[in-house]
J.: 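Can you keep this structure in mind? I'll have questions shortly.
Computed from a prediction, not measured in an experiment: that's the story for all the values here. Whatever order the structure lists them in is the order used to number ligands and atoms, beginning at 1.
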Amino acid sequence: MSHFVDVILPLPLDNRFTYSISKDEANFLQAGIRVAVPFGKSKVYTGIIAEVHDRAPEVYEAKPISQILDEAPLVTSQQLKFWSWIASYYMCTEGEVMRAALPGAFILESESIVQLQKESEIIESELKDDEFLVVEALQNQSSLKIKEVEALLDRKSVLPVLNRLMAKDIVVLSQEIYEQYKPKRVRYIKLHENHESEDAMHQLLDNLSRAHKQREVVLNYFSIKARSTKPISAKELQKSSEVTASTLKSLVKKNIFQEYYINEDRVGFDGEITRKHIEFNEYQLKAFGQIKASFEEKTVCLLHGVTSSGKTEIYLKLIEEVLNEGKQALYLLPEIALTTQLINRLQAYFGDKVLVFHSKYSMNERVEVYQNVLNAGDDPKVVIGARSAIFLPFQQLGLIIVDEEHEATFKQYDPAPRYHARDAAVVLANFFKAKTLMGSATPSLESYFNAEHNKYGFTELSRRFGDVLMPEIEIVDIKEKHRKKRMTGHFSDRLLKEIEESLAEGEQVILFQNRRGFSPILECNTCGHSPQCPNCDVSLTYHSHSNQLRCHYCGYHIAMQQRCMACHSDDVSTKGFGTEQIETELKALFPDHKIGRMDQDTTRGKHGYEKIITAFEDLEIDILVGTQMLTKGLDFRNVNLVGVMNADNLLNFPDFRAHERSFQLMLQVAGRAGRTKKRGKVLIQSYNPHHQIIQQVSTNDYAGMYKEQLQERYNYKYPPYFRLVRLSLKSRDFSKTNEAADWIAKAMQNVFNQHVLGPEFPPVARIRNEYYKNIMLKIPQSQSLGKTKSVLQKILISFNAISAYRSVRVIVNVDPV
Ligand code: ADP
Ligand code: ZN
Ligand code: ZN
C-alpha cells in the first residue's frame with residue numbers, strides 16, 4: 001500500500017498538496033508536523049501536514065517529501081480546524097492563514113548553498129580570478145550561501161561564475177533548509193571539579209597569590225556562591241568582579257573555572273507576586289455573579305462597564321478560576337492597549353503564569369511564547385496578546401477575554417486572512433467549549449445587539465470604582481467663539497482657562513486631536529491648488545519637523561513649497577490641523593510647561609510608546625497631546641482635565657460607522673479624566689455643539705446612541721441587520737479596473753439583485769499608482785451566508801479565468817469594519 005500526506009503550504013493557493021511517504025514515515029508522521037517539500041521547479045517549502053492517508057492523488061504523481069522537521073506536532077488538531085474555519089469564513093486560503101498563524105521562524109525557506117565537489121581535482125592555474133576566490137573560500141569553509149558569494153565577489157550577479165565552476169565540475173549547488181530560530185544560550189561559570197575539595201581550594205588560592213585579578217575573581221565567585229544557590233552567569237561574575245572577559249577566559253583556560261551553557265527564555269518573568277487577593281465591591285460582585293450565571297446557559301457574555309469601573313478586576317478573577325481548573329486563558333486586547341501598565345498588573349497577580357504575545361516582540365521571542373503555550377502541560381498559563389494571539393497552540397482553553405471589544409483594530413486589514421479577532425475568538429472558544437467575555441465601556445452596536453437579543457449574556461457596571469464620579473463634560477461652541485474672537489489658535493478661552501487652572505493645581509492635562517502631523521495640507525489662496533501625491537489621489541500633508549510635504553499612503557515626499565506649484569503665487573497657507581500644530585501652539589502658550597506628543601510619528605520603535613507613557617506617569621510631561629492612542633485603557637492618576645480639540649472631523653468621516661466611532665472615541669478619551677477622588681472635567685470643542693452624538697457623549701447616553709444608530713442601520717441596511725462582504729479591485733490600468741468591476745458587479749447583480757452596491761470609487765481611488773474600485777454585497781439575515789459565499793466564489797473563479805482581466809486583483813473582505 002502507498003502512503004501519502006496532504007500538506008498546507010504557506011502560499012495563496014486554494015488546495016492542499018499531496019506528497020508520498022514511506023511506510024515508516026507513515027507510522028511516524030501525523031497531522032501538525034512540519035515537513036519540507038519540493039514545490040515548483042527548485043523551491044523547497046515548509047508545509048504543515050493536514051492529513052496522513054493512503055489515497056493517491058488522481059491528477060498528478062505525488063513527489064516524496066524532502067525532510068521531516070519536527071519530532072512532534074507543532075500545530076494542534078484544534079488549530080488545523082480553526083485555520084480551516086478562518087479560511088472558509090473569511091474567503092482566503094489555508095496557506096494564508098498558516099502564514100499569519102505561525103511565527104515566521106517556523107516557516108523555513110530553502111536557500112541555495114554552494115559546496116566543493118568532493119572528488120574534483122582543482123588546477124588553480126586554470127581558474128579565473130573570481131573563480132579562484134570562490135574555491136579558496138570553500139577550501140576554508142564547507143559551504144557558502146549565495147549571499148556570501150555575492151559579498152565575497154562584491155557583485156550582485158554571481159550565477160555566471162558559479163555556472164562556470166559547475167561546468168568544470170568543481171562545485172555543486174544544493175538546497176538547504178535552515179532553522180531561523182536560535183535559542184538564547186546563556187554562559188554560566190562553575191569551579192572546575194579539580195578544585196572542589198577544601199584542600200584543593202586553598203591550594204588554588206595560594207597558587208593565585210601573584211595573580212591579583214584572577215584571585216579576586218575566584219574570591220568573588222565564592223562569595224556569590226555563599227549568598228545564593230542559583231547558577232552564576234559569566235556576565236554576572238565578570239560584572240561583579242569588575243574584570244574583562246579575557247580575565248575570565250584565562251581562568252577557564254587554566255582549568256580553574258568551567259563554562260557551561262543553558263538555554264534560556266527571552267520572555268521569562270522573574271519578578272514576584274505582590275498581590276494576593278481581589279476584594280470586589282458590591283457592584284462588581286453582582287456583575288461577577290451575573291457573568292457566571294450567564295455562562296451556565298450561554299457561551300458569550302458582554303460586560304458593559306464605564307471606564308474605571310473595575311472591569312479588569314473581574315477579568316482577573318475569572319482568569320484565576322480558569323487557571324485553578326487547570327485550563328488556559330486568553331486575554332485579548334487591541335495592540336495599543338497592550339501596555340506595560342496592564343502587563344505589570346497581571347504579573348503582580350499571576351506571576352510567571354503570564355505569557356505576553358506582542359507583535360513588537362522579535363521573531364525569537366514569539367517562537368518562545370508559542371512553544372511555551374504548546375508545552376504548557378500541567379502548568380496552565382494566561383496569554384495576553386493582541387489579535388494574532390488567537391493563533392497560539394492552546395491545549396485546554398477555558399476562557400477568552402476580549403477587552404475593548406468595540407475596537408476596529410481587532411480586524412486584520414491586510415494581508416489575508418482578513419479576520420476579526422473578536423468574532424474568531426468566539427468560534428475558537430466554542431471548539432474548546434470555553435467561554436468568552438467581551439468587555440467595553442462603549443460596546444459595538446453588533447455586540448450590544450446580540451446581548452439585547454439574548455444571544456449573549458449581559459451585565460453592567462455603571463459606576464466607577466471607589467465612588468469616583470464620572471467626569472463632567474462641557475461642550476464649547478467654537479463657531480461662536482470664533483465669531484466673538486475668543487479663540488487663540490485652536491484654543492477657546494474656556495479650554496485655555498481650564499488648562500491654566502489644572503496646571504496651577506499641579507495636575508496634568510490630556511488633549512485629543514484626531515489627526516497626526518502638522519497642518520495637513522498646503523493650499524494656494526490665489527488659485528486653490530494644493531500639492532498632490534503623484535502616485536495616489538491624495539493631497540500631501542505638511543510635516544513641520546522635517547519641513548516636508550509627505551504622502552501618508554506611499555511615503556512620497558518633497559520639500560515644503562513657498563510658492564504655489566500651479567500659479568506660482570506666494571500666497572499659500574496650511575489648512576487643517578494636527579497634533580504637531582497643537583503642540584507648537586501649546587509651547588508658545590505655556591512656555592514654562594513640558595509638552596509631550598503621542599502619535600504614530602513619536603511612538604515608532606519597540607519602546608517609543610512606553611517611553612512617552614512613562615514620562616507622563618513620572619510627571620515629566622504636563623500636557624500630553626495625542627491621537628487615538630490616548631484613548632486606550634491607560635490609567636493616569638494625576639489627570640483631571642481632558643480636552644477634545646475638534647469633534648467635527650470625527651463625525652464627518654464618510655463611513656456608516658462614523659457616528660458610533662465618534663461616540664466611542666470621545667467617551668474613551670473622556671474616561672482618562674479624573675480617575676481618583678476629584679471629579680474630572682472634559683471639554684469638547686465643536687462647530688456643531690447640537691449634534692446628536694455630541695449631546696449623547698455629554699450625557700454618557702449609550703442607550704440613546706445605540707437606539708438611534710440602530711435605527712439608521714436598519715433604514716440603510718447595514719450591520720447588525722445585514723452582513724457585508726466588500727470586494728476591492730485594483731490594477732495599474734484605470735479602464736481595466738473599471739471594466740473588471742462592471743463585469744463582477746453585473747454577475748453579482750444577476751444573483752443578488754438590489755443587494756449589490758457599486759462599483760464605486762473609494763475616497764482614495766488611487767494608491768501607489770494602482771486604481772481601486774469597490775463593490776459591496778449586503779446579505780440579509782434570512783439569506784444563507786455559506787451559500788452566498790460559495791456563489792460569490794464561483795463568480796470569482798469565472799472572473800479569474802478571463803485573460804483580459806488577469807492584471808486585476810480582487811481582494812475580498814468579509815465583515816469589513
Ligand atoms: P476598568 O477596567 O473598568 O477601566 P479597572 O479594573 O482598571 O477599571 O479599575 C479602575 C481602578 O480601580 C484601578 O486602579 C483598579 O486597581 C481599581 N479597582 C477596581 N476594582 C478594585 C477592587 N475590587 N479592589 C481594589 N481596587 C480596585
Ligand atoms: Zn495657486
Ligand atoms: Zn502617495
J.: Under 6.0 Å from the ring centre and within 45 degrees of the ring axis: does the NZ or CZ of K773 meet both conditions for the six-membered ring of F761?
T.: yes
J.: Please determine whether side-chain hydrogen bond (donor to acceptor under 3.5 Å, both in side chains) holds for the pair Q290 and E460, giving the CA-CA distance in whole Å, both sets of side-chain angles, and the decisive distance to 0.1 Å.
T.: CA-CA 9 Å; Q290 286 176 335; E460 251 175 329; over 6 Å; no
J.: With a cut-off of 2.8 Å, does C564 place any N/O/S atom under that distance from the Zn ion (ligand 2)?
T.: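 Coordinating: yes.
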J.: Can you confirm, on distance only, whether ligand 1 has an N/O atom lying under 3.5 Å from any N/O atom belonging to T307?
T.: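 There is no such contact.
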J.: Which is it for R637 and ligand 1 at heavy atoms under 4.0 Å: side chain, backbone, both or neither?
T.: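 The side chain, only.
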J.: Which word best sums up how the rings of H304 and F458 line up, parallel for under 30°, tilted for 30 to 60°, or perpendicular for over 60°?
T.: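 Judged by the thresholds at 30° and 60°, the geometry between H304 and F458 is tilted.
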J.: Quick one: do E407 and R661 make a salt bridge, cutoff under 4.0 Å?
T.: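 R661 and E407: not salt-bridged.
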J.: Start with the C-alpha gap between Y702 and Y448, add the side-chain angles, then the distance that decides, and say whether ring-ring contact (aromatic ring centres under 6.0 Å, His included) holds.
T.: CA-CA 10 Å; Y702 180 87; Y448 207 80; 4.7 Å; yes
J.: Heavy-atom contacts with T312 under 4.0 Å: which atoms of ligand 1 show up? List them by number with element.
T.: 1 (P), 2 (O), 5 (P), 6 (O), 7 (O)
J.: Checking the N or O distance criterion of under 3.5 Å, is ligand 1 in contact with S309?
T.: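 Among all N and O atoms of S309, at least one is under 3.5 Å from an N or O of ligand 1.
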J.: Please calculate the SG(C551)-the Zn ion (ligand 3)-SG(C536) angle and round it to 10 degrees.
T.: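 About 110° at the Zn ion (ligand 3).
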J.: Is the closest side-chain heavy-atom distance between C567 and H529 below 4.5 Å?
T.: no
J.: Are any of the N/O atoms on G310, whether in the backbone or the side chain, positioned under 3.5 angstrom from an N/O atom of ligand 1?
T.: yes
J.: How open is the angle at the Zn ion (ligand 2) from atom SG of C567 over to atom SG of C527, rounded to 10 degrees?
T.: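 Seen from the Zn ion (ligand 2), SG and SG are separated by roughly 110°.
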J.: To which of R275, E313, Q341 does the heavy atom nearest atom 16 (O) of ligand 1 belong?
T.: E313
J.: Check for me whether the distance between the ring centres of Y706 and F449 falls short of 6.0 Å.
T.: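 No, the ring of Y706 stays outside the 6.0 Å limit from the ring of F449, centre to centre.
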J.: Looking at ligand 1, would R345 count as a contact under a 4.0 Å heavy-atom criterion?
T.: yes
J.: Taking N, O or S atoms only and a limit of 2.8 Å, check whether C524 reaches the Zn ion (ligand 2).
T.: yes
J.: Considering only heavy atoms of E279, which atoms of ligand 1 have at least one such atom less than 4.0 Å away?
T.: 22 (C), 23 (N), 24 (N)
J.: Would you mind running through ligand 1 and noting each atom that sits below 4.0 Å from a heavy atom of Q284?
T.: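 Result: 19 (C), 20 (N), 21 (C), 22 (C), 23 (N).
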J.: Taking only Lys NZ, Arg NE, NH1 and NH2, and the carboxylate oxygens of Asp or Glu, determine whether E446 and R657 approach each other closer than 4.0 Å.
T.: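 Salt bridge: yes.
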J.: Please list, in number order, the atoms of ligand 1 under 4.0 Å from a heavy atom of S308.
T.: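 The list of qualifying atoms is 1 (P), 3 (O), 4 (O), 8 (O), 10 (C).
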J.: Before accepting this row, confirm whether a basic side-chain N of the pair R387/E335 lies closer than 4.0 Å to the acidic partner's carboxylate O.
T.: no
